[in-house]
Amino acid sequence: MISLSDLGKSYGPQVLFSGVSLQLNPGNRYGLVGANGSGKSTFLKILTGEESASEGSLAIPKRLRLGMLTQDHFAFEEIPILHVAMMGHKELWTAMAEKEALLAKADESFDGDRYAELEEIVLRYDGYSLESRAAEILEGLGIPAEAHPRTMSTLSGGFKLRALLAQVLASDPAALLLDEPTNHLDILSIRWLEKFLTDYPGLAVVISHDHRFLDNVCTHILDVDYESIVLYPGNYAKFSQAKVAERERKEAENLRHEKKIADHQAFVDRFRAKASKARQAQSKQKLIDKMAGNLVALAPSSRRYPRFVFQQRRPSGKTVVEVTGISKAYGDNQVLDEVSFTLERGDRMAVIGPNGIGKSTLLKILVNSIQADSGEVEWGYETHQGYFAQDHRDQLDEESRQSVEAWLWECCPAEPIGFVRGQLGQVLFSGDDVKKGLRSLSGGEAARLVFAKLAVTRPNILLLDEPTNHLDLEAIDALVQALTKFEGTLIFVSHDRWFVSKLANRIFEITPTGIQDHRGDFDEYLTKCGDDHLDAESVLMKARREKRRAKQEKKGSSEARESRDHERLQQRRKLTQLRDSITAKVEKTEERVHEINEQFCDPTYFDRTPRAQVNKLEAEQKKLKARIDELMSEWEAAEKELEELAS
């Protein structure tokens, strides 16, 4: 449990938050949200002790182990990847290393007492399962088993971050503090991380700009805004509704008070000079002073919403681009193999797949940034491409000393300076911001500037490679709104499933075994392929089952297999019926828990409900949650038997 009392942080006159009093409890997963620069990362650093608060107090139990994702890519370059993942629990890793050293020197001398102490530490922290636990986490995060003995130096920057994330998760801390853990993860790895966090029994605080991740993982939202941090129950979708309602309620309350004050003031102004009404006027004035003192000054929001506008200069021809037999390899690594498709005007095609499969390479080939080894790309009539690169800073020429304003003006030299500044204002560059040098821009600022270029150049084809990576939630919302209104053709790469679900009308999945081209939206695609299709754990288990099945088929005769298969089919039917029955019970029980939660989320519920009834509902909720745990254990047992039958 972590407790905060009147916590505040400021830098000179800039107040990030103040008066924050709340309690973070085990079993809860808190999504930490707010605008870029609002103080989210600073708050995490205060929790870990990297920074101190300006005011207030923070209480963390001494023996509470915190796990926080480090960004130091190069700290473990010559250490095997598996060992890096195991090193997160320092006390356990040190004990295991010392124990191995004692055994290595056992022929010369052996300290039995020290060995017993180390063995006790290893047993206390379940050290004998650490290696398998770390390996499983690495696989879930997309680093295959054959890579585990290699050193960290063999990984790219994105995969090094995955290994460091595995280090935190494998250390089994009592509290997880994760700053943008989904960055550099693909859809498969994000789904795996969601399942890991959902099953995690400790306290978790997570910063993320992925709507669906926050909805799937979080039990509470910590909102950094209005110079405070406010706790909301529920996931991000529920928080979004509750926050708007709460702000509207406070504003309406202030308006009512202001109207009453104005009415009383009118009375005072009218009758102040009349002797017969003077006493009443004085009483009214005192009432006005009291009411004015009770007015709550609402702090301005730190959230800023950019306005993106994408308009095509003219429509393209019906056929936008024809791609035929595109192949590309980097040395021995074949990333694209005979990729073909045709894009029609109005298509909104999302390119998805695991990292390193060739998604960004495909877009670079389309815009002629790199050459394919073979194949052709033929653009249609009147097509004008606008490209947003994943490494979009390269598009800004940061080596130059240009300002933001000068760079954008070069993109539309025929327009007056007022037009340029107006476009910059829409993407949140105002005042002296327009004079900033390109090299001093943050990731989010650089992204918004590239989008401003796409707005003024008015292409009819947008090619976007991970456009949400450096944007906050407000900018992502604004980008979705703008792209929804865009009348041209869109092809984009994204690991953000919410973003994909809002925009795509075609899913183009690149897999190690080939291309899946689905004409329809993301939800239809999931219905067709199954949600497990995006589940790294299920993919791994499926691969292992197929290996075991191949070995077994070599051993047995066809008659033995037929008999065994018939028995398995009967057993499978029974288990399937049992699993489905349990699933129905879980859903029904969860519906009741949801109904109770909805009542508890009502801000007025606890004020208008007798305590006895509240206690009764809380007891029912606790009992239902315990029942869900029991049912899930039964479901997992049935599912495990089904998997064993399938293997």
Check your understanding: Does the pair Arg124 and Glu120 meet the rule for a salt bridge (charged side-chain N to carboxylate O under 4.0 Å, His left out), with working shown?
Key -> CA-CA 6 Å; Arg124 186 196 316 156; Glu120 194 276 327; 2.6 Å; yes
**Study point:** Side-chain heavy atoms of Arg519 within contact of Glu524, under 4.5 Å
**Key:** no
Review point. Does the pair Asp186/Arg162 count as a salt bridge with the N-to-O cut at 4.0 Å?
Key: yes
Practice item. Please tell me if the side chains of Val224 and Val33 come closer than 4.5 Å, counting only heavy atoms from C-beta onward. Key: no
Practice item. Apply salt bridge (charged side-chain N to carboxylate O under 4.0 Å, His left out) to Lys585 and Glu630, showing your working. Key: CA-CA 11 Å; Lys585 292 177 183 178; Glu630 293 174 3; over 6 Å; no
Exercise for review: Would you check if the side chain of Thr94 reaches a backbone N or O of Glu91 as a donor-acceptor pair within less than 3.5 Å?
Suggested key: no
Exercise for review: Apply side chain to side chain contact (heavy atoms under 4.5 Å, CB included) to the pair Gln516 and Ile507, showing each step before the final yes or no.
Suggested key: CA-CA 8 Å; Gln516 298 290 333; Ile507 306 297; over 6 Å; no
Exercise for review: State whether the side chain of Glu100 and the backbone N or O of Ala97 hold a donor-acceptor pair below 3.5 Å, judged by distance alone.
Suggested key: no
Review point. So, for Ala163 and Leu155, which heavy atoms are closest and what is the spacing to 0.1 Å?
Key: CB-CD1, 4.3 Å
Exercise for review: Taking only Lys NZ, Arg NE, NH1 and NH2, and the carboxylate oxygens of Asp or Glu, determine whether Glu620 and Arg592 approach each other closer than 4.0 Å.
Suggested key: yes
Point to revise | Side chain Arg348, main chain Asn505, donor-acceptor under 3.5 Å | key: no
Exercise for review: Evaluate the criterion side chain to side chain contact (heavy atoms under 4.5 Å, CB included) for residue pair Glu466 and Asn469; output intermediate values, then yes/no.
Suggested key: CA-CA 6 Å; Glu466 297 288 4; Asn469 267 2; 3.6 Å; yes
Tabulate below the donor-acceptor pairs under 3.5 Å that side-chain atoms of residues 228-235 make, not counting sequence neighbours, or state none.
from, atom 1, to, atom 2, distance (Å)
Asn235, OD1, Ala237, N, 3.3
Asn235, OD1, Lys238, N, 3.1
Asn235, ND2, Asp215, O, 3.4

Practice item. Classify the side-chain pair Asp523/Tyr525 by whether it contains a donor and acceptor separated by less than 3.5 Å. Key: no
Review point. Is the closest side-chain heavy-atom distance between Leu214 and Asp210 below 4.5 Å?
Key: no
Check your understanding: Quick one: does Tyr30's side chain have a donor or acceptor within less than 3.5 Å of a partner on Asn25's backbone?
Key -> yes
Point to revise | Check: Tyr115 main-chain N/O paired with Lys99 side-chain donor or acceptor under 3.5 Å | key: no
**Study point:** Straight-line distance of Leu141 CG to Glu136 CD, nearest 0.5 Å
**Key:** 10.5 Å
Review point. For the residue pair Ala35 and Asp472, what are the closest heavy atoms and their distance?
Key: CA-OD2, 4.0 Å
Check your understanding: Relative to each other, are the rings of His495 and His209 parallel, tilted or perpendicular (30° and 60° limits)?
Key -> tilted
Review point. Do Thr154 and Ile81 come within less than 4.5 Å of each other through their side chains, counting heavy atoms only?
Key: yes
Exercise for review: Could you grab the distance from atom OG1 of Thr48 to atom CG of Leu177, nearest 0.5 Å is fine?
Suggested key: 7.0 Å
Review point. What's the shortest heavy-atom distance between Arg29 and Thr198, and which atoms?
Key: NH1-O, 3.5 Å
Review point. Taking all atoms of both residues into account, what is the closest heavy-atom pair of Val168 and Gly67, and its distance?
Key: CG1-C, 3.7 Å
Review point. Does a salt bridge link Asp223 with Lys243, judged by any charged N lying under 4.0 Å from a carboxylate O?
Key: yes
**Study point:** Stepwise side chain to side chain contact (heavy atoms under 4.5 Å, CB included) test for Arg506 and Asp517
**Key:** CA-CA 7 Å; Arg506 181 177 176 183; Asp517 191 354; 2.7 Å; yes
Revision key, fill the gap. On a heavy-atom basis, the closest approach of Met96 and Leu130 is SD-CD2, 3.8 Å
Check your understanding: Would a 4.5 Å heavy-atom cut-off, applied to side chains only, mark Leu66 and Leu64 as touching?
Key -> yes
Revision key, fill the gap. When rounded to the nearest 0.5 Å, the distance separating OG1 of Thr511 from CG of Leu188 is 10.5 Å
Exercise for review: Using the side-chain contact (heavy atoms from CB on, under 4.5 Å) rule, pick out the option among Met86, His89, Met87, His83 that qualifies with Gln167.
Suggested key: Met87
Review point. Any side-chain heavy atom of His518 sitting closer than 4.5 Å to one from Glu509?
Key: no
Exercise for review: Return the set of residues passing side-chain contact (heavy atoms from CB on, under 4.5 Å) with Glu146 (not counting sequence neighbours), or none when no residue passes.
Suggested key: Pro144, Arg150
Point to revise | Geometric class of the Tyr236/Phe239 ring pair [parallel <30°, tilted 30-60°, perpendicular >60°] | key: tilted
Exercise for review: Look at the side chain of Thr182 and the backbone N and O of Ile190, then say whether any donor-acceptor pair between them is shorter than 3.5 Å.
Suggested key: no
Check your understanding: More than 12 non-hydrogen atoms from neighbouring residues, nucleotides or ligands closer than 6.0 Å to CD on Gln621, yes or no?
Key -> yes
Point to revise | Carboxylate-amine/guanidinium proximity below 4.0 Å for Glu194 and Arg191 | key: yes
Practice item. State, with a plain yes or no, whether a side-chain heavy atom of Glu591 is found less than 4.5 Å away from one of Thr589. Key: no
Exercise for review: Check whether the side chains of His211 and Asp496 place a donor and an acceptor atom closer than 3.5 Å, and report yes or no.
Suggested key: no
Exercise for review: Please test Leu4 against Gln23 for side chain to side chain contact (heavy atoms under 4.5 Å, CB included), starting from the C-alpha separation and ending with a verdict.
Suggested key: CA-CA 6 Å; Leu4 296 80; Gln23 185 172 291; over 6 Å; no
Review point. Checking Ser189 side chain against Leu185 main chain: does a donor-acceptor pair fall under 3.5 Å?
Key: no
Point to revise | Euclidean distance, Ile582 CD1 relative to Gln577 CD, rounded to 0.5 Å | key: 12.0 Å
**Study point:** Interatomic distance, Phe76 atom CZ to Thr151 atom OG1 [nearest 0.5 angstrom]
**Key:** 13.5 Å
Practice item. Would you give the length of the straight line joining atom CG of Leu479 to atom CZ of Phe499, rounded to the nearest 0.5 angstrom? Key: 4.5 Å
Practice item. Check for a donor-acceptor pair, side chain of Lys40 on one end and backbone N or O of Gly34 on the other, with a separation under 3.5 Å. Key: yes
Check your understanding: Any idea which heavy atoms bring Leu197 and Leu178 closest together, and the distance?
Key -> CD2-CD1, 4.3 Å
Review point. Quick one: are Leu58 and Ser3 in side-chain contact, heavy atoms under 4.5 Å?
Key: no
